[in-house]
Amino acid sequence: MEQRKKIGVLTGGGDCPGLNAVLRAVVRCSVQKYNFEVFGFRDGWKGLIDGNVEPLSALSVSGILRRGGTILGTSRTNPKKNPDDLDRILYHMKKYEIDALIPIGGDDTLGVALWLHERGFHVIGVPKTIDNDIKGTDFTFGFNTAVEIVTDALDKLQTTAESHHRVMVVEVMGRHAGWIATMSGIAGGADEILIPEIPFDLDEVCEKLKKRYERRKFAVIVVAEGAVPKDGEIIATSGKRDAFGHVRLGGIGQWLADEIENRTGLETRHTNLGHIQRGGTPTAYDRILSTRFGVAAVDAVAAGERGKMVALRSEEIILIPLEDAVLQNKTVDPKLYEIAKLFF
Ligand code: F6P
C-alpha cells in the first residue's frame with residue numbers, strides 16, 4: 001500500500017488573528033482533498049529543534065476558525081544562532097519522515113524556511129505578520145483585524161479627547177512599515193500619522209497641531225512604534241532584543257506626548273495599544289484570506305512546488321519564490337499616505 005504523504009506545519013514569530021484559520025485549512029485540505037497526514041510542531045522552530053510534535057486531525061482543528069492566537073503555540077526561537085539547533089531540525093525532519101513542511105511566519109521564520117529549502121527539503125511558506133510588511137503579498141492575514149481594532153480605539157479616544165480638549169497620541173504596531181498606522185489613521189480620521197518610512201520633524205508636527213487645535217480644540221495623532229524623529233533615533237524604552245536581534249519597540253507614544261505638551265502647552269495624553277492589536281477573533285476578511293492561504297499551500301505541496309510562498313496578488317493567490325519574500329520589507333504606498341495627509 002502506498003504510504004500517506006506527511007505534512008509538517010508550524011507557526012513562528014509574533015502571533016496574529018487568523019493563524020488558527022490557516023492551520024484548520026491546512027489540515028482539512030490535506031486530509032479531505034489529498035489524504036495526507038499532518039503533524040504540528042509546537043512553538044515555531046523550537047518544536048522542530050526539540051521534536052515536540054503532535055498529529056493533527058480534522059477533529060483537532062474543529063472549532064478553531066474564529067479563535068485568535070495559534071493552537072500550536074509560537075516563539076521567536078532562531079535556530080540559526082546555534083548550529084546544533086539547525087542539525088536537530090534536520091534530524092527531526094528525517095526522524096518524523098516529514099515529506100513537506102509548511103512554516104507560517106514572517107521574514108524571520110521564512111528565512112529559516114529558505115535555509116531548509118536550500119538543504120533539499122520540500123518547503124512551502126505562508127506569510128504572516130500583523131505589520132503587513134512582507135514583500136510579494138498585497139496583504140497578510142491578521143492585518144485587517146488589527147486595523148479594525150485600532151480604528152475602533154481611535155473612535156473611542158476621539159470622544160474623550162474632544163470632551164477634555166486634549167491631544168491624544170496613539171502608539172500602534174509597525175516596526176519597519178506604517179501600514180497599521182496609515183490605514184487605521186485614514187479610517188479613524190487621524191489628524192497626524194507618523195510612520196517609519198518618513199522621519200518626522202517635531203517642530204512641524206507641533207505647528208500643524210496648534211493650528212488644528214485652534215479650530216477644533218482637540219487632536220488625535222497615530223504613531224507607529226518604529227517612527228523616528230528627523231535627526232533622531234528609534235525610541236525603545238525596554239532596551240531589550242529578541243533572538244533575531246530586533247530591538248523590542250515601544251515608547252515613542254509617551255515620548256511624543258511629553259514633547260508635544262512641553263513644546264505647545266497643550267494637554268496631551270498617550271495610549272499604547274500594544275498586543276491588543278494582535279489578540280482576539282479574526283475578521284471575516286482575515287478568516288477568508290487565511291483559509292485561502294492554507295488551501296493554496298497544500299495545493300502547492302501536492303503539485304510538487306518547492307521553496308515558494310503563497311501570496312495574495314490582486315484577487316488571486318499566487319506562488320512566489322521564498323527568497324523574494326524575505327529580502328526586503330514592503331513599505332507603505334506613498335499614494336496612500338498622500339491621501340491620509342489631505343486630512344491632517
Ligand atoms: O513582528 C510583529 C510585531 O507585532 C511588531 O509590530 C512588534 O514590534 C513585535 O511584533 C512585538 O513583538 P513581541 O510580541 O515579541 O513583543
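The shown structure was predicted, so the numbers you read here are calculated from the model rather than taken from an experiment. When a ligand or atom number is given, it counts from 1 through the structure's own listing order. FYI, the numbering just counts along the sequence from 1.
Of all atoms in ligand 1, numbered sequentially from 1 with element shown, those under 4.0 Å from a heavy atom of Met173 are 4 (O), 6 (O). Atoms of ligand 1 found under 4.0 Å from any heavy atom of Arg175, numbered from 1 in the order shown, are 8 (O). Atoms of ligand 1 found under 4.0 Å from any heavy atom of Gly174 (numbered from 1 in listed order, with element): 6 (O). Residue Ile130 has at least one heavy-atom neighbour below 4.0 Å for each of these atoms of ligand 1: 4 (O).
The local environment of NZ in Lys81 is sparse, with at most 12 non-hydrogen atoms from other residues, nucleotides or ligands closer than 6.0 Å. Counting non-hydrogen atoms of other residues, nucleotides and ligands closer than 6.0 Å to CG of Asp203 gives a total above 12. For Lys46, the NZ atom is loosely surrounded, since the number of other residues' heavy atoms within 6.0 Å does not exceed 12. More than 12 heavy atoms of other shown residues, nucleotides or ligands fall within 6.0 angstrom of atom OH in Tyr34.
At a heavy-atom distance under 4.0 Å, only side-chain atoms of Arg278, from C-beta outward, approach ligand 1. Only the side chain of Glu225 comes within 4.0 Å of ligand 1, counting heavy atoms alone; its backbone N, CA, C and O stay farther away. Residue-level proximity to ligand 1 for His246 is absent, since no heavy atom of it falls below 4.0 angstrom.
Ranked by closest heavy atom to atom 9 (C) of ligand 1, the top entry among Arg248, His275, Arg76 is Arg76.
Scanning all protein heavy atoms for the shortest distance to atom 2 (C) of ligand 1 gives Asp131 OD2, 3.8 Å.
Looking at Glu316 and Arg313, no side-chain N of the basic residue comes within less than 4.0 Å of a carboxylate O on the acidic one, giving no salt bridge.
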